[in-house]
Amino acid sequence: MPSWDSAFADDLWTDSCGKDRWRGNLEGLEEHISHLSDKQLWQFRTQSRNELVRYVRKRFERQVSISGESGLIETAKQIFNPDTLTLGFARRFVPYKRPDLLLHDPQRLIRILTHHENPVQLVIAGKASPYDESGKTLIRRWVQFIRQNNLYNHIVFLSDYDIQLTENLVQGVDVWLNTPRRPWEASGTSGMKVLVNGGINLSELDGWWAEAYTPEVGWAIGDGQEHGNDPAWDAKEAQQLYDLLEQHVIPEFYARNPAGIPETWVSRMRKSMSLLTPRFSANRTVREYTEAYYLPAAARYIKRAVEKGTAGKRIVSVCNNLKNQWQNIRFRAMKIESVENKFLIHAQIWLGEINPGHISMELYADGINGEPAVRQEMQRDPKDTTDGEYVYEVQVAANRPAGDYTIRIVPRYEGISVPLENNLILWQR
Ligand SMILES: *Cc1c(COP(=O)(O)O)cnc(C)c1O
């Protein structure tokens with residue numbers, strides 16, 4: 001957060017949460033920031049947008065003079081309006097980000113931007129890899145669209161997208177747009193960068209936004225499902241995006257109370273700042289990694305290392321033994337009985353020289369409707385054992401077709417982290 005906040009944001013957060021707000025466990029931030037008045041928040045937003053407009057003019061002027069479009073220098077000095085709703089849209093120009101989604105219906109986009117009472121301005125920044133022709137084509141589409149429709153006052157394309165440009169954008173925009181194609185967005189960090197500055201996200205339900213979104217903190221497109229690269233679905237999401245802008249985002253921004261403040265907007269901004277900023281800060285991430293992974297890993301390391309690494313050596317030896325024997329495992333027979341509302345599942349497995357204490361047998365079914373996968377440990381029947389051959393059993397509720405289930409064998413012994421240190425997992429074919 002301290003890397004992305006503006007000077008205005010730093011003042012605001014310092015006033016309400018103190019200078020050391022990003023240290024420690026972040027408790028109380030939500031409470032403090034939620035007490036800021038509408039007026040303070042709106043003033044902050046207005047200053048931030050003003051600053052961005054100043055920056056955009058300067059940067060665009062430099063850009064056109066370097067590229068020899070000197071006819072645009074006078075235009076560049078005056079583009080944009082500090083009071084107009086400002087959307088930011090910056091990304092690597094790769095197809096999965098769908099940087100042309102907004103261009104799906106160009107006439108509708110032009111109507112939205114140039115509305116005479118409630119106009120919109122759009123800052124676009126991006127870079128394509130020098131070897132990526134499709135990325136470069138996408139950039140050219142935007143640049144031509146702006147030129148052909150003389151939209152300089154409503155869209156600016158800023159080249160040489162880098163961290164410094166990002167910093168200025170995320171500090172000033174009212175709304176940050178992100179339109180990746182699900183499920184390709186690993187995270188979408190740029191959206192997190194606007195939080196501390198009071199920007200609001202409008203994004204595909206993918207990456208971080210699939211976790212963070214609730215209606216009170218921003219806007220979402222998509223239905224949270226995957227649709228491949230079906231052009232009909234892209235078209236549908238483009239419509240959704242235009243509808244959201246026309247029916248919610250723009251009216252909310254321009255609906256002012258007698259004091260000139262858009263109350264609903266400010267309350268959404270407050271929620272986004274107070275609820276999301278602490279949760280999506282690097283502080284929370286590092287703390288969580290430390291608690292959930294680094295400290296337990298350090299404790300496990302110490303356990304392995306004592307007495308000249310006795311425990312560590314044992315783990316390596318079990319691991320090597322499993323590796324050598326793994327290809328001898330055979331699924332011999334599987335029987336599924338229906339008993340009342342349950343399936344009773346027996347499996348006969350040949351483990352050969354593998355110690356059954358070093359593995360676990362799991363009944364597995366893929367999750368449906370976004371639910372986690374079903375994983376149920378099977379029990380070894382101690383009676384039914386002959387040399388190297390074992391019988392495992394488990395019961396599950398018969399609420400899914402028996403054919404959904406399969407069996408897999410997973411290494412399991414004390415001290416090992418699976419699949420990180422041992423990824424031998426054998427599936428029944
Ligand atoms: C933050 C940032 C990115 C990454 O953005 P994502 O939304 O995570 O794809 C890429 N380039 C620059 C210059 C950035 O500042």
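Indexing begins at 1, ligand by ligand and atom by atom, following the structure's order. Predicted model, so just to flag it, every value in this text is computed and none were measured.
Annotation: S190 places an N or O atom under 3.5 Å from an N or O atom of ligand 1; distance criterion only. Annotation: N178 places no N or O atom under 3.5 Å from an N or O atom of ligand 1; distance criterion only.
Ligand-side atoms of ligand 1 in range of I163: 13 (C), range being under 4.0 angstrom from any heavy atom. Near T166, with a cut-off below 4.0 Å to any heavy atom, the atoms of ligand 1 are 12 (C), 13 (C), 14 (C), 15 (O). Atoms of ligand 1 found under 4.0 Å from any heavy atom of D162, numbered from 1 in the order shown, are 13 (C). Shown in contact with G188 at under 4.0 Å from a heavy atom are these atoms of ligand 1, numbered in order with element: 7 (O), 8 (O).
Looking at Q47 and N50, their side chains never bring a donor and an acceptor atom within 3.5 Å of each other. With hydrogens and angles left out, the side-chain atoms of Q171 and D5 include no donor and acceptor closer than 3.5 Å. Between the side chains of N229 and Y96, no donor N or O sits under 3.5 Å from an acceptor N or O. Side-chain polar atoms of W208 and T189 form no donor-acceptor pair below 3.5 angstrom. Between T310 and R304, the side chains place no donor N or O within less than 3.5 Å of an acceptor N or O (distance only, hydrogens not considered).
Here the protein heavy atom with the shortest distance to atom 11 (N) of ligand 1 is Y161 CE2, 3.4 Å.
Checking N201, V217, V194 one by one against L276, the side chain to side chain contact (heavy atoms under 4.5 Å, CB included) holds for a single residue, V217.
With distances taken over non-hydrogen atoms, the option nearest atom 14 (C) of ligand 1 out of K193, Q164, K127, K97 is K193. Considering only non-hydrogen atoms, atom 5 (O) of ligand 1 lies nearest to T189 out of V94, L169, T189.
Taken from CZ in R140 to CZ in R147, the straight-line distance is 11.0 Å, to the nearest 0.5 Å.
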